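See structure below.
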Amino acid sequence: MQSPEDPPLAEKIQADTAHSARVWNHLLGGRDNYRPDRDVGDMILKLFPGIARIARLQRRFLVRAVHHLAAEAGIRQFLDVGTGLPTADNTHEVAQRVAPASRIVYVDNDPLVLVHAQALLTSTREGACDYVDADVRDPAAILEAASRTLDFGEPVALTLLGTMGQIPDSDDPASVVARLMDPLPPGSHLALSDGTDTDEALNEAIAAYNENSASSYHLRSPDHIASFFDGLELVEPGIVSTSEWRPDPADAHEAARAARAAGADGPVDAVCGVGRKP
């Protein structure tokens with residue numbers, strides 16, 4: 001809840017500056033963005049047209065990973081950090097289709113995300129949804145707020161999609177992942193994906209984005225991203241391109257068709273994985 005001392009929401013939204021959640025929304029074909037977000041998104045698309053495919057495949061990975069966690073791993077609690085703007089098949093929708101009593105906590109620090117989350121991320125009657133306005137670099141605050149909805153005596157799935165890339169090396173993203181995972185009990189899982197520094201055109205596009213956005217993104221090597229799973233048992237097929245993590249046959253066919261049409265078939269410059277805490 002906004003306190004009387006907080007600035008008005010319109011000021012906090014900063015519609016005159018591009019923000020990552022809104023740029024990503026534009027890349028996914030959404031409408032919850034402003035002119036600066038579209039301008040920066042279009043600039044990235046011009047420099048690296050494959051960025052839109054990376055965005056779509058990350059959403060498809062989220063759907064497959066959450067379905068696996070709910071249907072196969074039996075997870076009933078989800079902590080989605082770096083939620084982004086709501087779109088189709090959000091975490092609670094996928095999980096609660098499998099298990100209606102699933103409990104989900106969404107975390108983001110973009111005020112526009114907060115507005116949309118409160119309006120659209122509504123739970124089933126049997127389950128629960130909550131939204132935490134917090135920065136991923138403050139795991140203690142996130143976990144304290146999430147404990148209102150989640151029982152940390154039972155396994156929790158932590159999802160970090162494109163989130164660690166928002167954190168520079170100076171803020172030690174590996175320690176952020178560890179501090180979020182450490183309090184979670186055995187049987188908890190981490191689902192994570194991030195963009196890689198494996199394409200020079202993408203590197204240039206992200207550099208241009210960083211110069212024109214209120215936030216910055218940090219591409220890393222696949223090995224560096226894989227290190228975020230240290231101490232966890234990787235679920236098959238391990239750390240792979242987001243186009244290759246347990247693709248649904250129909251989903252894979254559609255993704256391949258779209259990629260060929262765009263002249264960008266094959267793996268994308270982003271990796272993902274799911275790991276289980278022993």
Side-chain angles (χ1 to χ4, degrees), residues 21 28 57-110 113-134 136 139 141-164 177 179-193 229 232-236 242 245-248 250-251 272-278:
L28 286 167
L57 288 172
Q58 179 169 279
R59 290 299 303 183
R60 291 185 179 123
F61 165 66
L62 170 69
V63 173
R64 298 195 303 273
V66 171
H67 184 271
H68 161 78
L69 291 165
E72 299 179 44
I75 299 295
R76 297 295 178 262
Q77 304 189 106
F78 294 82
L79 180 57
D80 184 331
V81 180
T83 302
L85 284 157
T87 182
D89 284 332
N90 299 289
T91 297
H92 76 286
E93 294 169 323
V94 178
Q96 290 180 344
R97 278 200 294 267
V98 175
S102 296
R103 305 174 74 82
I104 295 87
V105 173
Y106 291 102
V107 182
D108 209 294
N109 65 344
D110 186 314
V113 173
L114 171 60
V115 171
H116 285 269
Q118 290 174 329
L120 300 175
L121 303 182
T122 55
S123 174
T124 59
R125 190 178 314 164
E126 304 95 323
C129 283
D130 193 14
Y131 182 93
V132 174
D133 184 7
V136 66
I142 290 172
L143 294 166
E144 180 181 0
S147 68
R148 298 192 301 256
T149 303
L150 306 180
D151 176 4
F152 290 149
E154 298 293 331
V156 175
L158 170 66
T159 63
L160 295 166
L161 273 64
T163 306
M164 289 301 99
V177 177
R179 282 183 285 150
L180 286 167
M181 287 297 298
D182 283 349
L184 306 185
S188 294
H189 287 67
L190 168 67
L192 182 148
S193 68
F229 290 89
L232 304 179
E233 299 170 346
L234 287 174
V235 173
E236 290 294 334
T242 51
W245 198 91
R246 300 191 176 200
D248 174 86
D251 190 48
C272 65
V274 175
R276 179 184 183 276
K277 185 173 182 177

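Values in this document were obtained by computation on a predicted structure and should not be read as measured data.
Between Gly82 and Asp108, the closest heavy-atom pair is C-OD2, 3.5 Å. Closest heavy-atom contact between Asp182 and Lys277: O-NZ, 2.8 Å. Of all the heavy atoms in Trp245 and Arg64, the pair that sits closest is O-NE, 2.8 Å. Closest non-hydrogen pair, Leu180 versus Pro139, comes out as CD2-CB, 3.8 Å. In terms of heavy atoms, Ala95 sits closest to Phe78 at CB-CE1, 3.5 Å. Across Val132 and Ala146, no two heavy atoms sit closer than the pair CG2-N, 4.3 Å.
Side-chain contact check for Val177 versus Phe229: every heavy-atom pair is 4.5 Å or farther apart. Within the 4.5 Å cutoff, the side chain of Thr83 has no heavy atoms near those of the Thr91 side chain. In this structure, Val107 and Val136 have side chains that are not in contact, with every pair of non-hydrogen atoms separated by 4.5 Å or more. Put simply, the side chain of Thr149 does not reach to within 4.5 Å of the side chain of Gln77, judged on heavy atoms. Annotation: side chain of Leu79 is in contact with side chain of Leu143 (closest heavy-atom distance under 4.5 Å). Side-chain contact check for Asn90 versus Arg59: some heavy-atom pair is nearer than 4.5 Å. Counting only heavy atoms from C-beta outward, the side chains of Phe152 and Leu184 approach each other to under 4.5 Å. Under the 4.5 Å side-chain criterion, counting only non-hydrogen atoms from C-beta, Asn109 is in contact with Asp133.
The pair Asp89-Arg97 meets the salt-bridge criterion, since a charged nitrogen lies less than 4.0 angstrom from a carboxylate oxygen. Classification of Glu72 and Arg246 as a salt-bridged pair holds, one side-chain N sitting under 4.0 Å from a carboxylate O.
Interatomic distance, CE of Met181 versus NE2 of His189, reported as 9.0 Å (0.5 Å rounding). We find the CE-CG distance between Met164 and Leu161 to be 10.5 Å, quoted to the nearest 0.5 Å. With values rounded to the nearest 0.5 angstrom, Asp80 atom CG is found 3.5 Å from Thr159 atom OG1. Leu192 contributes atom CG, which lies 7.5 Å from atom OG1 of Thr163 (distance to the nearest 0.5 angstrom). Note that CZ of Arg276 is 10.0 Å distant from CG of Leu232, once rounded to the nearest 0.5 Å.
The main-chain N or O of Pro185 is found under 3.5 Å from a side-chain atom of Ser188 such that the two form a donor-acceptor pair. Panel note: side chain His68, backbone Ala73; no donor-acceptor pair is recorded below 3.5 Å. At distances below 3.5 Å, at least one donor-acceptor pair connects side-chain atoms of Arg76 with backbone N or O atoms of Ala70. Proximity of a side-chain donor or acceptor of Thr242 to a complementary backbone N or O of Phe61 within less than 3.5 Å is not detected. Proximity of a side-chain donor or acceptor of Gln96 to a complementary backbone N or O of Ser123 within less than 3.5 Å is not detected.
Applying the 6.0 Å contact sphere to CD of Glu144 captures no more than 12 heavy atoms from other residues, nucleotides or ligands.
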